[in-house]
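Remarks on the structure that follows.
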Amino acid sequence: MNKITIAIDGFSSTGKSTLAKQLAKKLEYVYVDTGAMYRAVTLYAMNNGFVVDGEIDTAGLTKDLDSIELKFVFNPDLGFAEMYLNGENVERQIRTLEVSNYVSQIAEIKEVRTRLVALQQNMGKDKGVVMDGRDIGTVVFPDAELKIFMTASPEKRAVRRYKELLDRGEDVKYEDILENVQKRDYIDSHRENSPLKKAEGAIEFDNSDMGLVQQFERIYEHALRIIEKNK
């Protein structure tokens, strides 16, 4: 079976990673969570004094980019790869609200995007990859055979994120989550470098009121049709 590239873009907390993992597992493809890569860089910036009083030391972080090693390591117990930052498993740390509050600002930095896009393109050069993020179909793989753009109302997404963080034992408020979602939406959509937008030819899915099973089945069918065409 010929392999294709599947690019999944969309707003935060639309379930991109969940869908991407499901597709990758079903198709036996490689899954790449690009959001985890930006979150890991954000965690590095926070831990190394490049985030002070809410401000990002862009020049300092840019100079330090060569010191940041990002690697996905498959965890057989979980069934997916976890993010390692300079040899340390940071999967749990990068999912906190604190990191979420700064990740869109870090992702705005041109040098950060250039470095990570190059890594992502290398990861998917042989196809057979499902990659999710903000600019996969527009910048990383504009020629992807299947491009998906996911959206949902900010309120529905905030509820999902709120429940997810509560399940992880985080002490959070719904109002703070909603504010974070809306702030990230604005930054992601209005940044100068690789703004979040629907890629040309992408299939849009609004899953505000769509179940995960229904969503997966519909997109999986799309993937199979495209794979069949590319034989």
Side-chain angles (χ1 to χ4, degrees), residues 7-9 12-13 16-18 20-21 24-25 29-126 128-136 139-141 161 164-165 167-172 180 183-184 187-188 191 193-194 196:
I8 303 177
D9 292 310
S12 64
S13 301
K16 298 186 301 296
S17 296
T18 298
K21 289 174 186 175
K25 184 176 182 179
Y29 278 18
V30 173
Y31 164 60
V32 178
D33 178 1
T34 66
M37 298 171 74
Y38 286 101
R39 284 176 171 273
V41 174
T42 302
L43 181 66
Y44 180 91
M46 294 171 65
N47 289 345
N48 288 273
F50 298 122
V51 179
V52 181
D53 297 328
E55 298 295 324
I56 311 296
D57 177 4
T58 300
L61 177 59
T62 299
K63 289 180 181 178
D64 236 33
L65 283 178
D66 288 341
S67 300
I68 300 176
E69 180 189 76
L70 303 177
K71 186 177 182 182
F72 287 102
V73 178
F74 185 75
N75 184 329
D77 294 330
L78 296 176
F80 61 87
E82 296 177 295
M83 172 53 65
Y84 279 67
L85 169 62
N86 291 340
E88 178 188 356
N89 186 332
V90 293
E91 187 65 31
R92 185 173 180 84
Q93 296 97 302
I94 63 174
R95 306 298 177 180
T96 63
L97 182 58
E98 288 76 15
V99 170
S100 295
N101 283 333
Y102 292 107
V103 65
S104 289
Q105 291 167 264
I106 295 293
E108 279 190 294
I109 301 171
K110 181 180 179 181
E111 292 81 2
V112 172
R113 298 205 73 83
T114 298
R115 169 85 185 281
L116 296 196
V117 165
L119 290 174
Q120 292 154 14
Q121 289 174 331
N122 185 61
M123 290 175 181
K125 68 182 187 302
D126 297 322
V129 64
V130 184
M131 195 172 289
D132 72 286
R134 302 290 191 280
D135 62 350
I136 311 306
V139 176
V140 183
F141 292 113
R161 183 68 175 150
E164 179 185 338
L165 291 174
D167 288 344
R168 290 181 179 171
E170 298 266 341
D171 182 16
V172 293
N180 174 255
K183 177 183 175 183
R184 292 183 64 191
I187 294 175
D188 290 342
R191 66 189 178 213
N193 298 301
S194 305
L196 170 63

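- In terms of modelled atom types and a separation under 3.5 Å, the side chain of Arg113 and the main chain of Glu108 share no donor-acceptor contact.
- Within the 4.5 Å cutoff, the side chain of Gln93 has no heavy atoms near those of the Val99 side chain.
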Next on the checklist: For Ile106 and Leu61: C-alpha separation, side-chain torsions, deciding distance, then whether side chain to side chain contact (heavy atoms under 4.5 Å, CB included) applies.
Outcome noted: CA-CA 9 Å; Ile106 295 293; Leu61 177 59; 3.8 Å; yes
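- Atom NZ of Lys21 has more than 12 neighbouring heavy atoms from other residues, nucleotides or ligands inside a 6.0 Å radius.
- The shortest side-chain heavy-atom distance between Glu82 and Val73 does not fall under the 4.5 Å cut-off.
- The CD atom of Glu164 sits 4.0 Å away from atom CZ of Arg168, with the distance rounded to the nearest 0.5 Å.
- For the atom pair CD (Gln105) and OG1 (Thr58), the distance works out to 9.0 Å, reported to the nearest 0.5 Å.
- At a cut-off of 3.5 Å, with distance as the only test, a side-chain donor of Asp64 or Tyr44 sits close to an acceptor on the other residue.
- A donor-acceptor pair is defined here as one N or O able to donate and one able to accept, closer than 3.5 Å; no such pair exists between the side chain of Asn101 and the backbone of Asn180.
- Annotation: the span from Asn47 atom CG to Leu85 atom CG amounts to 8.0 Å, rounded to 0.5 Å.
- Of the possible polar contacts, one joining the Gln121 side chain to the Val140 backbone as a donor-acceptor pair under 3.5 Å is found.
- Here the closest heavy-atom approach between residue Tyr31 and residue Ala24 is recorded as CB-CB, 3.7 Å.
- Side-chain contact between Thr34 and Leu116 is absent, with no heavy-atom pair separated by less than 4.5 Å.
- Atom-to-atom distance recorded for Asp171:CG and Leu165:CG is 10.5 Å, nearest 0.5 angstrom.
- In this structure, OH in Tyr102 is found 11.0 Å from CD1 in Ile187, a value given to the nearest 0.5 Å.
- Side-chain contact between Val139 and Asp9 is absent, with no heavy atoms from C-beta onward closer than 4.5 Å.
- Using a 4.0 Å cut-off between charged side-chain N and carboxylate O, Arg115 and Glu111 make no salt bridge.
- Residues Thr42 and Ile94 form no side-chain contact, since every pair of their non-hydrogen atoms from C-beta on lies 4.5 Å or further apart.
- Contact detail for Asn86 and Glu69: the closest heavy-atom pair is OD1-N, 2.7 Å.
- Surrounding CG of Asp167 are more than 12 heavy atoms belonging to other residues, nucleotides or ligands, all under 6.0 Å away.
- Separation of atoms CE (Met83) and CG (Asn89) is listed at 10.0 Å; rounding is to 0.5 Å.
- Gly124 and Val129 make their closest contact through CA-CG1, 3.9 Å (heavy atoms, listed as atom of the first residue, atom of the second, distance).
- Across all their heavy atoms, Phe141 and Gln120 have their closest contact at CZ-O, 3.7 Å.
- Among all heavy-atom pairs drawn from Ala7 and Ile136, the shortest one is CB-CG2, 3.4 Å.
- Taking 4.5 Å as the limit, every side-chain heavy atom of Leu78 sits out of range of all side-chain heavy atoms of Glu91.
- Inspection of the Arg39 and Ser100 side chains reveals an N or O donor paired with an N or O acceptor under 3.5 Å.
- You'll find the side chain of Arg134 stays beyond 4.5 Å of the side chain of Tyr38, heavy atoms only.
- A heavy-atom distance below 4.5 Å is found between the side chains of Met37 and Phe72.
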